[in-house]
Amino acid sequence: AQSVTQLDSQVPVFEEAPVELRCNYSSSVSVYLFWYVQYPNQGLQLLLKYLSGSTLVKGINGFEAEFNKSQTSFHLRKPSVHISDTAEYFCAVSDLWEGSSNTGKLIFGQGTTLQVKP
Amino acid sequence: DAGVTQSPTHLIKTRGQQVTLRCSPKSGHDTVSWYQQALGQGPQFIFQYYEEEERQRGNFPDRFSGHQFPNYSSELNVNALLLGDSALYLCASSLAGSRIGNQPQHFGDGTRLSIL
């Protein structure tokens, strides 16, 4: 079974500093990887996705992530954060349904709270 | 272009009652998935509907059931509510295809269900 581990439950950082949110996954097959952001009292918004090709993926709001197959990681980075980036961030892997094509079912990590301080 | 809409926004029920949550997918999407997000946790997959049938199911009891209508909208029904069912219920829609796993899911803002 696939699983996702987000290594930090909370990441405090000062405004304009760089940040990295760590994500590791376990899978015996090829996967699709995603990062979502959740602002208070809202649903999830897609930040970026890795499907294939270049291992460095750029997303919205200046975020990027790097897929590392040998380390089964998909860490999210931003070179300079803003107060408005304060939110919950979720790493997710798309599950491969046994015996059939991928249905897109997402398996999420526990989330990382990014706290940007002025 | 309307995104995924869910209703109601908030709901309070008591143990043993039944509840129905509703979801309208993003325009052009035909696949609807439901997730349960307990406080402080990541969302957990409940089930997915495509072509009005349950396509895949997560590890949830039969008290959780669903339906998809011809217009692709969907309902999530939960019977015999337990305190542990208190959570944010998220609906996500996507476009099916030969390899729909690479079609990103678009989420609604959720229904906050509180069980007293």
Side-chain angles (χ1 to χ4, degrees), chain A residues 1-10 21 23 25 27 29-53 57 59-60 67 87-113, chain B residues 2-7 9-10 21 23-26 29-51 53-60 87-112:
Chain A
Q2 295 179 337
S3 65
V4 176
T5 302
Q6 292 185 239
L7 299 167
D8 307 292
S9 60
Q10 293 188 357
L21 306 184
C23 172
Y25 69 93
S27 174
V29 298
S30 296
V31 296
Y32 302 131
L33 294 159
F34 306 82
W35 275 98
Y36 283 86
V37 60
Q38 186 176 35
Y39 299 102
N41 300 314
Q42 293 187 24
L44 279 70
Q45 180 183 3
L46 180 68
L47 277 177
L48 48 77
K49 62 183 184 288
Y50 172 77
L51 306 179
S52 64
V57 180
I60 62 171
F67 170 61
E88 191 79 12
Y89 291 79
F90 292 96
C91 180
V93 61
S94 183
D95 185 44
L96 186 65
W97 191 21
E98 294 181 0
S100 182
S101 59
N102 193 319
T103 66
K105 166 191 169 183
L106 292 171
I107 298 171
F108 286 89
Q110 294 286 80
T112 297
T113 302
Chain B
V4 179
T5 58
Q6 293 186 242
S7 63
T9 305
H10 296 87
L21 311 181
C23 171
S24 292
K26 179 180 170 66
H29 285 182
D30 56 9
T31 301
V32 173
S33 301
W34 287 91
Y35 293 82
Q36 180 195 66
Q37 185 180 17
L39 197 62
Q41 303 293 319
Q44 291 198 335
F45 177 79
I46 303 175
F47 43 53
Q48 183 182 87
Y49 277 83
Y50 172 62
E51 293 187 337
E53 292 189 356
E54 185 181 287
R55 183 185 175 101
Q56 192 179 7
R57 188 178 184 91
N59 189 26
F60 279 80
L88 180 68
Y89 288 85
L90 295 165
C91 171
S93 71
S94 56
L95 182 62
S98 59
R99 298 181 64 191
I100 67 171
N102 61 6
Q103 299 298 322
Q105 296 191 21
H106 295 251
F107 285 81
D109 285 342
T111 294
R112 176 76 61 187

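Both backbone and side-chain heavy atoms feed into the values below; hydrogens, waters and symmetry mates do not. Proteins get letters first, then strands, A, B, ... in listed order; numbering begins at 1 in each. The model shown is predicted, which means the values in this text are computed figures rather than measured ones.
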## Note on the structure
Heavy-atom nearest pair, A:Lys105 first then B:Gln48, reads N-NE2, 4.4 Å

### Query
Taking all non-hydrogen atoms of both residues, which atom of B:Gln41 and which atom of A:Gln110 are closest, and how far apart?
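Taking every non-hydrogen atom into account, OE1-NE2, 2.7 Å.
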
### Query
Taking atom OH of B:Tyr35 and atom CZ of A:Phe108, what is their separation to the nearest 0.5 Å?
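The CZ atom of A:Phe108 is 5.5 Å from OH of B:Tyr35, to the nearest 0.5 Å.
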
### Query
Say you draw a straight line from CG of A:Leu44 to NE2 of B:His106; how long is it, rounded to the nearest 0.5 Å?
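Between atom CG of A:Leu44 and atom NE2 of B:His106 there are 12.5 Å.
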
### Task
Under 4.5 Å heavy-atom distance to chain A, tell me which part of B:Gln37 shows up: side chain, backbone, both or neither.
side chain

### Message
Can you list everything that forms a side-chain contact (heavy atoms from CB on, under 4.5 Å) with A:Gln45? Sequence neighbours excluded, please.
### Response
A:Val37, A:Tyr39, A:Ile60

### Task
State whether the number of non-hydrogen atoms from other residues, nucleotides or ligands found under 6.0 Å of A:Gln42 atom CD is greater than 12.
yes

